Protein chains: 2
Amino acid sequence: MALGPGSQTHADVLRSTIRGAGLKVTAPRVAVLDVLQHAPHSSAEQVFAEVRKSLSGTSAQAVYGILAAFTGAGLVRRFDPPDSPALFECRVGDNHHHLACIGCGLIQDVDCVIREAPCLTPSDDSGFTIFSAEVTFNGLCRTCQSNRAPQTA
Amino acid sequence: MALGPGSQTHADVLRSTIRGAGLKVTAPRVAVLDVLQHAPHSSAEQVFAEVRKSLSGTSAQAVYGILAAFTGAGLVRRFDPPDSPALFECRVGDNHHHLACIGCGLIQDVDCVIREAPCLTPSDDSGFTIFSAEVTFNGLCRTCQSNRAPQTA
DNA sequence: CAGTTGTTTTGACAGACTCAAAACAACTGC
DNA sequence: GCAGTTGTTTTGAGTCTGTCAAAACAACTG
Ligand SMILES: [Mn+2]
Ligand SMILES: [Mn+2]
Ligand SMILES: [Zn+2]
Ligand SMILES: [Zn+2]
């Protein structure tokens with residue numbers, strides 16, 4: 001199927017997302033955003049490795065800089081699970097949370113614990129003005145549970 | 001006041017806490033526990049600096065090792081706020097949470113968001129068995145709010 | 001198409017933490 | 001009390017993740 005004059009490629013969408021955030025559009029930025037959309041919860045290192053597959057000249061520092069710029073612009077969200085480098089994802093602005101498997105490191109999204117605007121309202125805010133809440137549930141995923149269960153017998 | 005035969009010094013309490021966790025009692029361990037009780041939410045580096053005041057021979061690696069041992073034994077809790085080294089505290093087992101000031105780095109305790117056992121029950125656990133939840137509220141403390149307010153005028 | 005501004009590369013470097021081996025100290029039981 | 005066993009600490013090197021600054025470079029502006 002040929003694309004008509006008014007149609008937009010996927011790359012075009014990425015470009016306007018970046019431009020819409022007030023950032024200049026560059027090849028490494030398009031690549032980073034693309035990687036992040038296909039592989040959420042990626043570390044800088046993982047993004048870097050993936051980006052290099054299509055843009056081999058890209059430096060690690062560029063990736064760090066791009067991730068910081070995107071995070072600052074609200075295009076991506078960064079979070080810091082324990083015992084892991086920072087992870088990045090495009091799902092932003094919905095205050096969702098994460099399940100982290102202690103066994104294998106798997107990360108899964110979880111919707112906001114209480115419905116509504118919640119999770120941004122602690123029982124006593126001590127005068128703080130709260131902008132965001134980071135909730136990480138640490139546990140064992142289904143796979144790691146079955147891998148350990150036999151050993152208990 | 002002289003201490004009778006049955007009385008316990010503060011150091012004695014620390015010692016039996018450590019022994020009760022199944023760990024050998026050593027001077028650096030007693031010192032670390034003492035520091036942590038007086039200064040919760042301390043980094044390894046801060047604990048190290050404080051310990052050296054009374055036990056100047058102690059190495060940084062010892063402090064890292066002790067903190068890891070204490071954390072493993074359930075004697076202290078470790079948490080990882082964004083943009084900060086890991087912090088340690090003695091308040092353990094109550095699943096409490098933290099307010100972190102984006103401006104000055106102040107950390108404050110918050111009781112569990114929902115009362116009861118909560119915060120350990122995400123809306124959908126995807127089959128995970130959950131052991132702990134780490135909740136960090138990011139915002140501005142009262143002081144940082146007033147420091148910034150004038151600039152808005 | 002040249003100018004301005006923001007971006008990327010390059011290379012050095014720092015912070016937080018880990019690893020391994022040897023020296024050492026705490027508990028065990030004689 | 002004292003040697004043995006086991007766990008701890010020191011020492012020293014090294015890793016991983018991320019930061020800084022300057023120069024080369026590319027995107028948007030008009
Ligand atoms: Mn997510
Ligand atoms: Mn606390
Ligand atoms: Zn798992
Ligand atoms: Zn503050």
Side-chain angles (χ1 to χ4, degrees), chain A residues 11-12 14-33 35 41-52 54-73 75-76 78-88 105 107, chain B residues 11-12 14-33 35 41-52 54-73 75-76 78-88 105 107:
Chain A
D12 285 335
L14 296 177
R15 274 190 261 278
S16 39
T17 303
I18 295 168
R19 197 171 296 112
L23 297 168
K24 282 188 181 170
V25 175
T26 67
R29 283 185 173 171
V30 174
V32 167
L33 191 55
V35 166
H41 310 144
S42 294
S43 67
E45 197 61 37
Q46 290 170 328
V47 172
F48 177 51
E50 203 58 33
V51 165
R52 291 206 79 149
S54 49
L55 280 169
S56 57
T58 309
S59 69
Q61 283 62 19
V63 172
Y64 278 106
I66 290 166
L67 290 171
F70 282 0
T71 304
L75 232 47
V76 316
R78 170 194 163 135
F79 75 107
D80 300 79
D83 303 314
S84 154
L87 303 183
F88 300 85
I107 302 281
Chain B
D12 286 335
L14 296 176
R15 275 189 261 277
S16 39
T17 303
I18 294 168
R19 197 171 297 112
L23 298 168
K24 282 188 182 172
V25 176
T26 67
R29 284 184 172 171
V30 174
V32 166
L33 191 55
V35 166
H41 308 145
S42 295
S43 66
E45 197 60 39
Q46 289 170 330
V47 172
F48 176 51
E50 202 58 34
V51 165
R52 291 207 78 149
S54 50
L55 279 169
S56 57
T58 309
S59 69
Q61 284 63 19
V63 173
Y64 278 106
I66 290 166
L67 290 171
F70 282 1
T71 303
L75 234 46
V76 315
R78 170 196 164 134
F79 74 107
D80 298 78
D83 302 314
S84 155
L87 303 183
F88 300 85
I107 301 280

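From a predicted model like this one, the values you see are computed outputs, not experimental measurements. Residue numbering restarts at 1 for every chain, and letters A, B, ... go by the order of the sequence lines.
Side-chain nitrogen and oxygen atoms of A:Thr26 include at least one within less than 4.0 Å of the OP1 or OP2 phosphate oxygen of C:dT8. Contact annotation: A:Arg29 does not reach the phosphate of D:dA27 (side-chain N/O to OP1 or OP2, under 4.0 Å). The side chain of B:Arg19 places no N or O atom within less than 4.0 Å of a non-bridging phosphate oxygen (OP1 or OP2) of C:dA26.
Counting to the nearest Å, the C1' atom of D:dT6 and the CG atom of B:Leu23 are 13 Å from each other. Rounded to a whole Å, the CD1 atom of A:Ile18 is 12 Å from the C1' atom of C:dT7. When rounded to the nearest whole Å, the span between CD of B:Glu45 and P of C:dA14 equals 15 Å. For the pair A:Gln46 CD and D:dC16 C1', the interatomic distance rounds to 14 Å; values are reported in whole Å. In this entry the distance linking CG of A:Leu67 with P of D:dT19 reads 10 Å, nearest Å. Atoms CD1 (B:Ile66) and C1' (D:dT8) sit 8 Å apart, rounded to a whole Å.
A:Val63 has its side chain out of reach of A:Arg52: every pair of non-hydrogen atoms, C-beta onward, lies at least 4.5 Å apart. Using a 4.5 Å cut-off on side-chain heavy atoms (C-beta onward), A:Leu87 and A:Pro81 make contact. B:Val32 is listed as a side-chain neighbour of B:Phe70, based on a closest heavy-atom distance under 4.5 Å.
Within 4.0 Å of B:Gly65, counting heavy atoms only, lies no atom of the nucleic acid at all. Residue contacts for B:Ser43: at a heavy-atom cut-off of 4.0 Å it reaches no nucleic acid atom on any strand shown. Contact annotation for B:Ala86: backbone-only contact, meaning every heavy-atom pair under 4.0 Å involves sugar-phosphate atoms and none involves a base.
Across all strands shown, D:dG30 forms a Watson-Crick or G-U wobble pair with C:dC1, both key distances being under 3.5 Å.
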For this session: List the steps, then state whether side-chain contact (heavy atoms from CB on, under 4.5 Å) holds for B:Glu45 with B:Phe48.
Result: CA-CA 5 Å; B:Glu45 197 60 39; B:Phe48 176 51; 3.9 Å; yes
